[in-house]
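One structure is given here, and the rest of the page talks about it.
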Amino acid sequence: MLRNYSLRHHNTFGLDVLCNYACKVHDAGRLEVLFRDGYFGGERWLVLGGGSNVLFLEDYYDGLVLLIENKGITLSQDLGDEVVVSIAAGEEWTGFVQQMVKAGLGGVENLTLIPGKVGAAPMQNIGAYGVELKDVFHSLQAFDTQTGEIVEFLPEDCEFGYRNSVFKTLYRNRFIILGIDLRLKKNPVVKLDYGSIRQELTSMQADNPGIEEVSMAIEKIRRSKLPDPQHIGNAGSFFKNPIVHPAMFDLLKSEFPDMPGYHSDDGNTKLAAGWLIEKAGWKGFRKGDAGVYDKQALVLVNYGKATGADIWELALEIQYSVKTMFGITLEPEVNIIR
Ligand code: FAD
Ligand code: EPU
């Protein structure tokens with residue numbers, strides 16, 4: 001057990017937060033011991049993978065932080081056209097994707113370069129460039145902190161939605177994900193419909209792109225828009241893209257004709273939060289060391305010495321201004337740790 005441990009290198013905003021205790025989790029056995037010792041009873045606790053989707057509002061976390069470090073990637077089943085790959089929660093997502101692309105297994109190439117660890121991927125059903133985790137999800141194993149047992153979850157148990165799952169709602173703060181199983185294709189079919197993927201492939205002169213080219217194209221697009229947390233602290237999109245009824249979208253369009261809107265799976269319209277924030281005048285804004293990234297208005301950044309409270313204050317100002325201008329409430333995508 002580590003006492004008064006700094007989480008500076010465990011959150012991509014780069015906030016120098018101290019926690020009371022931290023514990024590296026290399027296997028389920030560690031969790032069983034913590035369970036027997038009563039740590040999940042009264043103590044405040046929090047799981048961290050790479051810390052790329054959290055914002056600590058205070059400089060001290062008075063509780064136990066579990067740092068997920070278990071490793072292993074194995075091919076566990078051959079289903080003919082597909083294989084099931086089992087990945088331990090502590091593996092880096094990006095490294096896993098690279099391995100699959102190299103091995104010619106398709107399904108996760110559009111999720112190239114998403115920071116963080118594998119165990120967090122189901123939490124918000126990570127998504128990018130037209131693919132979500134749910135599209136390749138087979139099952140997961142999680143430690144139940146209420147019973148001390150390991151439970152298997154199938155797709156229908158997870159209630160995956162846009163940046164959402166049962167682990168963020170009903171089971172928030174109950175299960176610790178230990179590993180996930182994904183179904184990947186031996187003969188991949190590439191998905192090129194989102195945004196500028198085709199354009200990027202054309203500029204790469206990739207006429208008949210496979211998963212390797214798609215992964216490279218997405219890597220290029222992402223690097224051109226998103227700040228690298230190694231250099232500028234951030235947690236990706238700070239807010240979710242709001243989903244509104246089509247009638248609401250028509251109304252907004254009549255006032256803001258250039259407002260983009262995308263079809264959402266539930267028949268509603270997904271708005272671009274980045275567009276709303278930019279239109280409200282925030283893109284490139286900076287107050288002290290907290291700011292709005294100048295190439296992507298949906299990303300809030302820490303230029304160095306901002307505190308979690310500074311970033312949160314800016315987020316609230318943005319939320320208020322977007323609400324006043326468009327009548328839309330932006331909801332944080334990032335997990336706020338109070
Ligand atoms: P953490 O930040 O450590 O944790 C996130 C949440 O999950 C917390 O609530 C934590 O308690 C919980 N958690 C973590 N691990 C476990 C576990 N094993 N069991 C139970 N709970 C757990 N996200 C996207 O969906 N699409 C993107 O395109 C995308 N791009 C990004 C780009 C940048 C530059 C950055 C910084 C972030 C981006 N993100 C994106 C957000 C982030 O990368 C993902 O949400 C990622 O899955 C978080 O992984 P993590 O290990 O860092 O999670
Ligand atoms: N836009 C602007 N100004 C901006 C940013 C965006 O006008 O400053 C508009 C543009 O019209 C653009 C549209 O927003 O066409 C969409 O932008 P982009 O393709 O960059 O995607 P996004 O909606 O801003 C979402 C995800 C990202 C994911 C990308 C690609 C959310 C909250 N964010 O961003 O995920 O990588 O799509 O699929 O859904 C994350 O979750 O952390 C994240 C980075």
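As the structure lists them, so they are numbered: ligands from 1, and atoms in each ligand from 1.
Closest to atom 41 (C) of ligand 1 by heavy atom, among Ser52, Gly49, Gly116, is Ser52. Of the candidates Glu333, Gln124, Arg163, Arg163 brings a heavy atom nearest to atom 27 (C) of ligand 2. The option from Arg222, Arg172, His10 that lies nearest to atom 31 (C) of ligand 1, judged by heavy atoms, is Arg222. For the residues Ser237, Gly236, Ala142, Gly50, the heavy atom positioned nearest atom 36 (C) of ligand 1 is part of Gly236.
The protein heavy-atom contact nearest to atom 33 (N) of ligand 2 is Ser237 OG, 2.9 Å. Protein heavy atom nearest atom 19 (O) of ligand 2, with residue, atom name and distance: Tyr194 OH, 2.9 Å. Regarding atom 36 (O) of ligand 2, its nearest protein heavy-atom neighbour is Arg222 NH1, 3.5 Å. Protein heavy atom in closest approach to atom 25 (C) of ligand 2: Asn241 ND2, 4.1 Å.
Contact check for Thr12 versus Asn234: no side-chain heavy atoms found under the 4.5 Å cut-off.
Contact annotation for Asn234 and ligand 1: heavy atoms of both the backbone and the side chain come within less than 4.0 Å of the ligand. The residue Trp282 has no part lying near ligand 2, judged by heavy-atom distances below 4.0 Å.
Set against the non-hydrogen atoms of Gly127, the atoms of ligand 1 under 4.0 Å away are 24 (C), 25 (O), 26 (N), 27 (C), 28 (O). Those atoms of ligand 1 with a heavy atom of Leu48 less than 4.0 angstrom away are 3 (O). Ligand 1 places these atoms under 4.0 Å from at least one heavy atom of Gly51: 1 (P), 2 (O), 3 (O), 50 (P), 52 (O).
A ring-centre distance under 6.0 Å is found for Phe40 and Trp45. Annotation: Phe153 is in aromatic contact with Phe167 [ring centroid separation under 6.0 Å]. In summary, the aromatic rings of Phe160 and Phe137 are positioned with their centroids under 6.0 Å apart.
Within the 4.0 Å heavy-atom shell around ligand 2 one does not find Phe238. Not a single heavy atom of Tyr293 lies less than 4.0 angstrom from ligand 2. Between Pro260 and ligand 2 there is a heavy-atom distance shorter than 4.0 Å. The closest approach between a heavy atom of Lys279 and any atom of ligand 2 is not below 4.0 Å.
Polar contact check, Gln124 against ligand 1: a nitrogen or oxygen pair lies under 3.5 Å apart. Inclusion of Pro227 in the set of residues having an N or O under 3.5 Å from an N or O of ligand 1 is not warranted. Checked by distance only, ligand 1 and Ile126 stay at 3.5 Å or farther apart across all their nitrogen or oxygen atoms.
For the pairing with Val65, the side chain to side chain contact (heavy atoms under 4.5 Å, CB included) check across Ile337, Leu48, Leu2, Val17 returns one residue only, Leu48.
Distance check on atom 10 (C) of ligand 2: every protein heavy atom falls at or beyond the 4.0 Å cut-off.
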